[in-house]
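To keep things clear, I will list the structure first and then write my remarks on it.
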Amino acid sequence: MEIHVLGAGKGESIILGWPDNRWGVVDCYAPSVGDHTTNPTFRFLKDRGVTDLEFVCLTHPHDDHFRGMSHLLTHFKVHHFWRFPTLGVRELRQLAKYMHMESRRSGDTTGVENAGEFVSIMQRVNELLAHHQINVAMVSGHQQLYPIPFDTTAPFQVWSFAPHGNQLTDYERSLSNSFTADDKFKSNPPHVSHNDVSVGLLIKFGGTQIVLGGDVERAAWNDICPQHQRQYFSADAVKVPHHGSDTGYITDLWPRFSGKKKPIALIAPYRRFRLPKQESLLHIGQHVSRLLLTCDTSGLAPPCSAGPHLKSRMFLRAKLKARSPLPDGECGMWSLEFDANGNCVQENHKGPACEYEMVSGS
């Protein structure tokens, strides 16, 4: 099984490939929504001769996870589309309006374009659905998404872990409370945190397990983890949640990921918000064999704050080394290939991808 993680300092896209030339995509980011040739995910798939995608998954409605996804839905035959839970037709319209108005208030000119892209994605999905050309699922909680018909013995499986219950209700309430009774945007709307509905995925390939953390944050992890035995999340590789933010994990999470062995961690940095945080790198670094980043972030992350464990943190930081930094702005990619026994048998990196490697004995 192949996993390719792409990122250019904003946004991420994850491409999965498995035997019989089957492919799936989780999230997408492109610099231009008008020109599909600038979309790194589109280019990668076309270079491989891919025409069909078993699935496309939109984990949550942040533009750094959906910008350019319309290109995939237009230029490839997509069999399954999965998206974050909740929101009917009216709420999706409100969400697009919220994105538009929020961007205008903040002076973000690309935000209006992003809202239009979100609408294009939903419209394209509805067109395909109307012609019975796609299967659509709103993902909530724990469920098998692939294959269909569901088969817990299949060699390649995709399972979800996603918010449910109160967290989804709170999200919908915040969105609804941003509008008046006649659907006008309020002058002082509440903050709507789209990460609150982020979907995470567990990929199973024989005995190999890969966790794709989306932008799942603490509140969701606190709900999700108690529902599963510790070994459920034992992983061979982890796409780190929320770009390496300290909001993307709870105390017990990474020990769960490393329950079988120390996995490989993959991070798509977000430069504007100075992610990943050094504090997160240090915490994650204790539980993984390698830290792979899609672009170099040296000098961006602030130093750790002083505290009772400063000495040990500084020692650990000294054992981290960056390599292969290249210029900003270009999309970097880490490509890993796993056998069915959890072994990474091949790897490659392109563009400004770099590694923070744990030195033996750290």
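Note that the numbering runs from 1 along the sequence shown for the chain.
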Report whether [X] and [Y] are members of the same hydrophobic cluster (ILVMFWY, side-chain heavy atoms less than 4.5 Å apart, transitive linking).
| X | Y | result |
| --- | --- | --- |
| Y270 | L212 | no |
| L201 | V136 | yes |
| L53 | L129 | yes |
| I3 | Y29 | no |
| L275 | L291 | no |

Decide yes or no on side chain to side chain contact (heavy atoms under 4.5 Å, CB included) for L6 and W334, but give the supporting numbers first.
CA-CA 7 Å; L6 295 78; W334 274 102; over 6 Å; no
Go through the steps for F66 and D27 under the test side chain to side chain contact (heavy atoms under 4.5 Å, CB included), then give the verdict.
CA-CA 6 Å; F66 68 70; D27 291 332; over 6 Å; no
Are there more than 12 heavy atoms of other residues, nucleotides or ligands under 6.0 Å from atom [atom1] of [X]?
| X | atom1 | answer |
| --- | --- | --- |
| Q231 | CD | yes |
| K77 | NZ | no |
| D47 | CG | yes |

Flag the pair [X] / [Y] as yes when at least one side-chain heavy-atom distance between them is below 4.5 Å, and no otherwise.
| X | Y | value |
| --- | --- | --- |
| H164 | I224 | no |
| L253 | T251 | no |
| D196 | D170 | no |
| P276 | I267 | yes |
| W254 | I284 | yes |
| M333 | I15 | no |
| Y171 | H194 | yes |
| T294 | L266 | no |

Looking only at atom types and distance, does a side-chain atom of [X] sit under 3.5 Å from a main-chain N or O of [Y], one as donor and one as acceptor?
| X | Y | result |
| --- | --- | --- |
| S178 | S174 | yes |
| Q144 | Q157 | no |
| W159 | L145 | no |
| S258 | K261 | no |
| T180 | K186 | no |
| N341 | N343 | no |
| T74 | H71 | no |
| S280 | D246 | yes |
| Y98 | V192 | yes |
| Q209 | S234 | yes |

Applying salt bridge (charged side-chain N to carboxylate O under 4.0 Å, His left out) to R93 and D183, what does each step give before you reach the verdict?
CA-CA 10 Å; R93 288 174 179 159; D183 220 24; over 6 Å; no
For the residue pair [Y] / [X], report whether a side-chain donor-acceptor contact shorter than 3.5 Å exists.
| X | Y | result |
| --- | --- | --- |
| N114 | H100 | no |
| H65 | D215 | yes |
| E54 | Y146 | yes |
| D20 | W18 | no |
| S120 | S70 | no |
| N195 | H60 | yes |
| S335 | N348 | no |

Check the angle between the aromatic planes of [X] and [Y] and answer parallel, tilted or perpendicular using the 30° and 60° thresholds.
| X | Y | result |
| --- | --- | --- |
| W82 | F55 | parallel |
| F44 | H4 | tilted |
| H228 | Y232 | parallel |

Output yes when [X] and [Y] qualify as a salt bridge under the 4.0 Å nitrogen-oxygen rule, no when they do not.
| X | Y | value |
| --- | --- | --- |
| D52 | R22 | no |
| E2 | R48 | yes |
| R290 | E347 | yes |
| R67 | E117 | no |
| R256 | D252 | yes |
| D63 | K10 | yes |

Which value, rounded to the nearest 0.5 Å, describes the distance between [X] atom [atom1] and [Y] atom [atom2]?
| X | Y | atom1 | atom2 | result |
| --- | --- | --- | --- | --- |
| E337 | C344 | CD | SG | 8.5 Å |
| I14 | C28 | CD1 | SG | 11.0 Å |
| L72 | L58 | CG | CG | 11.0 Å |

Heavy-atom pair with the smallest gap, counting every atom of [X] and [Y]:
| X | Y | value |
| --- | --- | --- |
| H242 | K239 | N-NZ, 4.3 Å |
| V139 | A162 | O-CB, 4.1 Å |
| V216 | F161 | CG2-CE1, 4.4 Å |
| T247 | E217 | OG1-OE2, 2.6 Å |
| P263 | H287 | CD-O, 3.3 Å |
| A30 | G68 | CB-CA, 4.0 Å |

Apply side chain to side chain contact (heavy atoms under 4.5 Å, CB included) to K97 and F179, showing your working.
CA-CA 10 Å; K97 187 181 294 186; F179 296 87; 3.4 Å; yes
Could you tell me if the ring centre of Y249 sits under 6.0 Å from that of H283?
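Ring centroids of Y249 and H283 are less than 6.0 Å from each other.
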Can the ring centres of F338 and F205 be said to be less than 6.0 Å apart?
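No: the rings miss the under 6.0 Å criterion.
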Answer yes or no for K46 and F76: cation-pi contact, defined as NZ/CZ to six-membered ring centre under 6.0 Å and angle to ring axis within 45°.
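Yes.
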Walk me through whether Q123 and V119 qualify under side chain to side chain contact (heavy atoms under 4.5 Å, CB included).
CA-CA 6 Å; Q123 287 178 340; V119 171; 3.5 Å; yes
